[in-house]
**Q** 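Dropping the structure in here first, questions after.
These numbers come from a predicted model, not from an experiment.
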Amino acid sequence: QVQLVESGGGLVQPGGSLRLSCAASGFSSDYYAIGWFRQAPGKEREGVSCISNSDGSTYYADSVLGRFTIFRDNAKNTVYLQMISLKPEDTGVYYCAAGLGPSLASSPYDYWGQGTQVTVSS
């Protein structure tokens, strides 16, 4: 059974940092591309970052480029999203997804986690 579990969200002040984790089970995390998405209240879900399963290439939305880093630890079957210099507009529920990406669009992803809340506020 394929399962993705996110963790690491929380409340952080502007300028702070968080590291989100996406733990995969039921498959090897390097078998699929993994994407991170977020959804703010009243807004559509948007792709934040993704990592290829084939060559480890990474991709970022313009809004997070230079502040977020995606990487995987195959030994732990986990993909991480390191977030620094957080802004209030980064607030939202963050989801990880697995599929035949890599893509910042939702459609290539077949499996989704339940999400973890990130709130950036003073």
Side-chain angles (χ1 to χ4, degrees):
Q1 180 181 357
V2 173
Q3 190 174 14
L4 298 168
V5 179
E6 302 95 335
S7 61
L11 173 64
V12 63
Q13 292 187 342
S17 301
L18 283 174
R19 177 179 291 186
L20 305 183
S21 301
C22 173
S25 60
F27 70 100
S28 173
S29 66
D30 61 352
Y31 182 77
Y32 289 111
I34 302 293
W36 280 99
F37 296 79
R38 68 186 180 190
Q39 187 164 21
K43 295 187 177 181
E44 292 189 356
R45 184 170 56 193
E46 63 171 339
V48 173
S49 180
C50 58
I51 184 166
S52 167
N53 57 312
S54 59
D55 61 2
S57 297
T58 57
Y59 305 86
Y60 299 92
D62 289 344
S63 58
V64 306
L65 189 63
R67 300 188 298 119
F68 290 12
T69 303
I70 188 171
F71 60 99
R72 64 189 345 144
D73 183 336
N74 291 335
K76 295 183 177 179
N77 219 26
T78 299
V79 174
Y80 301 92
L81 185 69
Q82 178 69 50
M83 307 185 295
I84 66 171
S85 302
L86 283 162
K87 304 175 181 180
E89 51 264 43
D90 294 318
T91 294
V93 179
Y94 282 68
Y95 302 88
C96 65
L100 299 180
S103 173
L104 295 180
S106 301
S107 54
Y109 296 93
D110 298 312
Y111 305 102
W112 292 80
Q114 83 291 347
T116 185
Q117 176 70 45
V118 172
T119 303
V120 184
S121 175
S122 55

**Q** Ring pair (Phe, Tyr, Trp, His ring centres under 6.0 Å) with Tyr109: which residues, sequence neighbours excluded?
**A** Phe37
**Q** Not counting sequence neighbours, which residues clear side chain to side chain contact (heavy atoms under 4.5 Å, CB included) with Asp55? List them please.
**A** Ser52, Ser57
**Q** Closest heavy-atom contact between Ile70 and Tyr60?
**A** N-OH, 2.9 Å
**Q** Okay, side chain of Thr116, backbone of Ser7: is any donor-acceptor separation there less than 3.5 Å?
**A** no
**Q** What residues, two or more places apart in sequence or in another chain, satisfy side chain to side chain contact (heavy atoms under 4.5 Å, CB included) together with Gln3?
**A** Val5, Ser25
**Q** Which atom names give the shortest non-hydrogen contact between Gly92 and Gln117, and what distance separates them?
**A** O-NE2, 3.5 Å
**Q** Can you pull out every ring-ring contact (aromatic ring centres under 6.0 Å, His included) where at least one residue sits in residues 78-102? Sequence neighbours excluded, please.
**A** Phe71-Tyr80
**Q** When rounded to the nearest 0.5 angstrom, what is the spacing between CZ in Arg72 and CD1 in Ile51?
**A** 5.0 Å
**Q** Under the ring pair (Phe, Tyr, Trp, His ring centres under 6.0 Å) test, which residues partner Tyr59, sequence neighbours left out?
**A** none
**Q** Run the side chain to side chain contact (heavy atoms under 4.5 Å, CB included) test against Val12 and tell me which residues pass, sequence neighbours left out.
**A** Leu18, Leu86, Val120
**Q** At their closest point, which heavy atom of Leu4 faces which heavy atom of Tyr111, and how far apart are they?
**A** CD1-O, 3.4 Å
**Q** With sequence neighbours left out, write down each residue that passes salt bridge (Lys or Arg N to Asp or Glu O under 4.0 Å) with Arg67, or none if nothing qualifies.
**A** Asp90
**Q** Just by modelled atom types, is the Gln114 backbone N or O under 3.5 Å from a matching donor or acceptor in the Glu6 side chain?
**A** yes
**Q** Who else is in the cluster with Leu104 when I, L, V, M, F, W and Y are joined by side-chain contacts under 4.5 Å?
**A** none
**Q** Just to verify, what does Ser121 make a side chain to side chain contact (heavy atoms under 4.5 Å, CB included) with, not counting sequence neighbours?
**A** Leu11, Thr119
**Q** With disulfide bond (SG atoms under 2.5 Å apart) as the rule and sequence neighbours excluded, what pairs involving residues 88-122 come up?
**A** Cys22-Cys96
**Q** So which pairs with a foot in residues 35-91 pass disulfide bond (SG atoms under 2.5 Å apart), sequence neighbours left out?
**A** none
**Q** Pairs in or reaching into residues 43-52: which pass salt bridge (charged side-chain N to carboxylate O under 4.0 Å, His left out), with residues at least two apart or in two chains?
**A** Arg38-Glu46
